[in-house]
Amino acid sequence: MKKLISILCIITLFLVTTSSACAETVVYNTKTGKYHSLGCQWAKKCTVNCIKLEKKDAKARGGVPCKVCGG
Ligand SMILES: [Zn+2]
């Protein structure tokens, strides 16, 4: 199922000219290594150690999803 979603995502990328179609921005806490969805209460509270980046980049940095919002 995940593979199917990936294929759909790739197809969407070809159809849509913007490369950000499948990119999901998260708030990554560089101190705790957790990443949050933009609407997460913890993401809003995190102002010092947090940076916005793509979820795949957060994972590449060893980030783990927040338990509250699921990343
Ligand atoms: Zn969160």
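These values consider heavy atoms only, across backbone and side chains, with no hydrogens, waters or symmetry-generated copies. Atoms within a ligand are numbered from 1 in the order they appear, just like the ligands themselves.
- Considering only residues two or more places apart in sequence or on other chains, Lys44 meets the salt bridge (Lys or Arg N to Asp or Glu O under 4.0 Å) condition with none of them.
- Annotation: the span from Cys69 atom SG to His36 atom NE2 amounts to 6.0 Å, rounded to 0.5 Å.
- With Lys55 contributing its side chain and Gly71 its backbone, the two residues share a donor-acceptor pair below 3.5 Å.
- The number of protein N, O or S atoms lying under 2.8 Å from the Zn ion (ligand 1) is 4.
- Listed by first and then second residue, the side chain to side chain donor-acceptor pair (under 3.5 Å) pairs that reach into residues 56-68 are Glu54-Lys56, sequence neighbours excluded.
- Considering all non-hydrogen atoms of both residues, Gly70 and Pro65 come closest at O-CB, 3.5 Å.
- The disulfide bond (SG atoms under 2.5 Å apart) test applied to Cys46 returns Cys50, not counting sequence neighbours.
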